[in-house]
Structure formats: C-alpha cells, structure tokens
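Below is one structure, written out as structure tokens, with a few remarks after it.
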Amino acid sequence: MINNINKLPEVQFIKLFANIFENSQFIAEALYKKRGDGFSNFEDLVKKMMNVFENTTKEQKLKILNAHPDLADKAKIGSLTTDSKNEQSSVGLDKCTLEEFNEFKNLNFEYKKKFGFPFIFAVKNKSKLDILASFRKRISYDINTEFEEAKKQVKKIANLRLTEINKNEKNFF
C-alpha cells in the first residue's frame with residue numbers, strides 16, 4: 001500500500017488526504033512536502049501527518065477545529081463532508097428523536113458561545129448516550145482544558161480516517 005501512496009502524483013495525494021483533518025487541505029499539502037523519497041510505511045505517514053498538525057499555529061488549529069460540523073445538526077446534514085456524514089450516521093446522529101435533536105442543538109449553541117469552536121468528538125463506535133454524556137461533561141471545562149481535549153479528538157478522528165484508508169486501500173488504488 002505505501003508504495004502506491006509514495007507513487008501518487010501531488011494532486012492525487014492531496015485529494016486522498018485533504019479531509020483527514022476536516023476541510024484542511026493545507027495539512028495534506030505539508031505532508032506531501034515531507035514525503036521526500038517516500039514514507040517507509042503507513043505508520044511513518046501517520047506519524048508525519050500528526051507532526052504536521054502538532055506544529056501548526058494555534059490559529060491554524062482553531063481553523064481546523066472550526067471546520068468541524070456541529071453534531072446532530074438537522075439543518076446542516078446535507079452540507080457535511082462525506083467523512084463527517086458517514087461518521088455521524090454510523091452512530092445514528094441523523095436519526096435522533098426530537099428531544100435528542102433539541103438537546104444537541106442547545107448544547108451546540110452553548111458550547112460554541114463558551115469556547116468559540118464546535119464540540120468535537122470522535123463518534124466512531126460510540127452511542128448517542130456516550131456522546132451526550134461527554135458533551136454535558138466537557139461544556140463545564142475551562143477554555144484551555146477544552147482546547148486540549150478538542151485537539152485530542154481531532155487527532156482521534158484523523159487517525160480513524162487514516163485507518164479507513166489503510167484498511168480499504170483497494171477502494172483508493
């Protein structure tokens with residue numbers, strides 16, 4: 001697999017990795033520049049991509065955080081990236097009850113008002129109850145604690161998306 005990735009022209013490489021960090025193509029562009037003579041294996045690629053993220057400025061990290069959609073936002077489901085739509089629907093966030101939608105809507109509003117970026121949670125293999133419990137807990141955090149937690153969640157999402165590419169390589173090459 002890594003040989004296929006190492007052989008990709010720049011445009012295809014960037015297209016493949018552009019949404020690992022939600023709508024943040026600049027991460028894929030920086031990763032392409034780090035490719036050099038090629039990645040030694042997929043783990044090397046993942047490590048270098050995480051390093052690119054870690055070395056972005058706080059403003060760039062905030063831009064990445066703000067690129068993430070609100071969870072269970074009925075009004076915006078059609079505008080989600082394919083990755084976000086699949087992730088949210090896999091845990092039923094597109095099929096919430098009216099009560100659940102309203103709780104998500106209220107929490108999303110209060111959270112963004114407090115922190116200035118959307119609530120980010122790696123939803124894969126979680127339930128709506130898990131997500132809501134984390135939401136209720138994290139909304140009480142201070143800004144520095146929550147900024148660190150949001151970055152951790154962004155990296156978890158990125159790792160899950162990279163794992164999908166690695167597992168499903170035949171769909172990409």
Side-chain angles (χ1 to χ4, degrees), residues 16-28 31 42-43 45-168:
L16 180 62
F17 294 105
N19 201 52
I20 298 301
F21 287 88
E22 192 82 11
N23 284 319
S24 299
Q25 181 174 315
F26 75 94
I27 298 280
L31 180 64
F42 201 77
E43 292 73 30
L45 179 149
V46 171
K47 182 179 173 189
K48 286 180 177 166
M49 187 172 234
M50 293 303 139
N51 187 266
V52 168
F53 173 73
E54 285 298 331
N55 287 304
T56 60
T57 64
K58 183 173 184 177
E59 290 73 27
Q60 288 171 311
K61 285 181 180 77
L62 279 168
K63 183 179 176 183
I64 292 169
L65 296 182
N66 278 304
H68 281 263
D70 289 351
L71 293 179
D73 185 342
K74 244 200 287 197
K76 294 183 182 171
I77 282 215
S79 65
L80 298 177
T81 64
T82 302
D83 291 317
S84 286
K85 190 174 198 170
N86 290 341
E87 290 157 0
Q88 289 199 31
S89 65
S90 75
V91 295
L93 292 181
D94 57 337
K95 295 179 179 81
C96 290
T97 65
L98 184 57
E99 186 178 296
E100 290 167 333
F101 272 124
N102 286 333
E103 183 169 10
F104 273 108
K105 183 179 178 180
N106 292 334
L107 286 168
N108 281 321
F109 177 79
E110 292 301 322
Y111 183 96
K112 280 201 285 196
K113 189 168 82 173
K114 180 175 182 177
F115 297 114
F117 52 85
F119 176 75
I120 300 168
F121 189 79
V123 299
K124 188 168 180 129
N125 300 319
K126 303 292 183 192
S127 71
K128 286 186 273 188
L129 293 177
D130 294 333
I131 298 163
L132 282 169
S134 181
F135 215 150
R136 291 180 199 118
K137 177 182 173 188
R138 287 173 47 196
I139 204 163
S140 69
Y141 288 2
D142 66 84
I143 184 67
N144 294 326
T145 303
E146 185 53 25
F147 183 71
E148 291 305 312
E149 182 58 33
K151 288 189 320 185
K152 283 184 205 169
Q153 292 297 322
V154 163
K155 287 169 47 176
K156 280 184 187 179
I157 293 165
N159 272 296
L160 289 165
R161 290 176 179 180
L162 287 166
T163 299
E164 283 299 308
I165 289 173
N166 195 26
K167 271 186 1 188
N168 298 306

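As the structure is a prediction and not an experimental result, all values here were calculated from the model. Position 1 is the first residue of the sequence; numbering continues from there.
- Looking at F115 and L65, their side chains never come closer than 4.5 Å, going by heavy atoms from C-beta outward.
- A donor-acceptor pair shorter than 3.5 Å cannot be found between the side chains of T163 and N166.
- Shortest non-hydrogen contact noted between K95 and K128 is O-NZ, 3.5 Å.
- Shown here are the salt bridge (charged side-chain N to carboxylate O under 4.0 Å, His left out) partners of E99, two or more places apart in sequence or in another chain: there are none.
- Formation of a donor-acceptor pair under 3.5 Å by the N55 side chain with backbone atoms of N51 is found in this model.
- The number of heavy atoms from other shown groups lying within 6.0 Å of NZ (K47) does not exceed 12.
- A pairwise comparison of heavy atoms in F147 and L62 identifies CE1-CD2, 3.8 Å as the closest pair.
- Atom-to-atom distance recorded for I20:CD1 and Q25:CD is 12.5 Å, nearest 0.5 angstrom.
- Contact detail for R161 and N19: the closest heavy-atom pair is NH1-O, 2.6 Å.
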As a quick check of understanding, evaluate side chain to side chain contact (heavy atoms under 4.5 Å, CB included) for F117 and H68, giving each step before the final call.
CA-CA 8 Å; F117 52 85; H68 281 263; over 6 Å; no
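- A donor-acceptor pair under 3.5 Å is formed between the side chain of E100 and the backbone N or O of T97.
- The nearest pair of heavy atoms linking N108 to L71 is ND2-O, 3.0 Å.
- The structure places CD1 of I165 at 5.0 Å from CZ of F17, a figure rounded to the nearest 0.5 Å.
- Minimum interatomic distance between E54 and K61 (heavy atoms only, all atoms of both residues): O-NZ, 3.0 Å.
- A distance of 11.5 Å separates NZ of K155 from CD1 of I64, quoted to the nearest 0.5 Å.
- Within the 3.5 Å criterion, the main-chain N or O of Q60 finds a donor-acceptor partner in the side chain of T57.
- The shortest side-chain heavy-atom distance between F119 and I139 does not fall under the 4.5 Å cut-off.
- The minimum heavy-atom distance linking R138 with Y111 is given by the pair NH2-OH, 3.9 Å.
- The pair D70-K112 counts as a salt bridge, with a side-chain nitrogen and a carboxylate oxygen less than 4.0 angstrom apart.
- Rounded to the nearest 0.5 Å, atoms CG (N66) and CD1 (I120) are 7.5 Å apart.
- For K105, the NZ atom counts as loosely surrounded, since its 6.0 Å shell holds 12 or fewer non-hydrogen atoms of other residues, nucleotides or ligands.
- Remark: N159 CG to E164 CD distance equals 12.0 Å, nearest 0.5 Å.
- A salt bridge links K113 with E110: the closest approach of a Lys/Arg side-chain nitrogen to an acidic carboxylate oxygen falls below 4.0 angstrom.
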If you apply the rule side chain to side chain contact (heavy atoms under 4.5 Å, CB included), what do you find for K124 with K156, and how did you get there?
CA-CA 10 Å; K124 188 168 180 129; K156 280 184 187 179; over 6 Å; no
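- Note that the CD1 atom of I157 and the CZ atom of F121 stand 9.5 Å from one another [nearest 0.5 Å].
- Within the 3.5 Å criterion, the main-chain N or O of I131 finds no donor-acceptor partner in the side chain of S134.
- A donor-acceptor pair shorter than 3.5 Å cannot be found between the side chains of N106 and N102.
- Here the side chains of E103 and C96 are not in contact, with every heavy-atom distance at 4.5 Å or above.
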Verify side chain to side chain contact (heavy atoms under 4.5 Å, CB included) between K48 and L45, making sure each step is shown before the conclusion.
CA-CA 5 Å; K48 286 180 177 166; L45 179 149; over 6 Å; no
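- Salt-bridge formation is not detected for the pair E146/K152: no Lys NZ or Arg NE/NH1/NH2 atom is positioned less than 4.0 Å from an Asp or Glu carboxylate oxygen.
- Within the 4.5 Å cutoff, no side-chain heavy atoms of L162 are placed close to those of K167.
- Applying the ring pair (Phe, Tyr, Trp, His ring centres under 6.0 Å) test to F53 and every residue at least two apart in sequence or in another chain returns F21.
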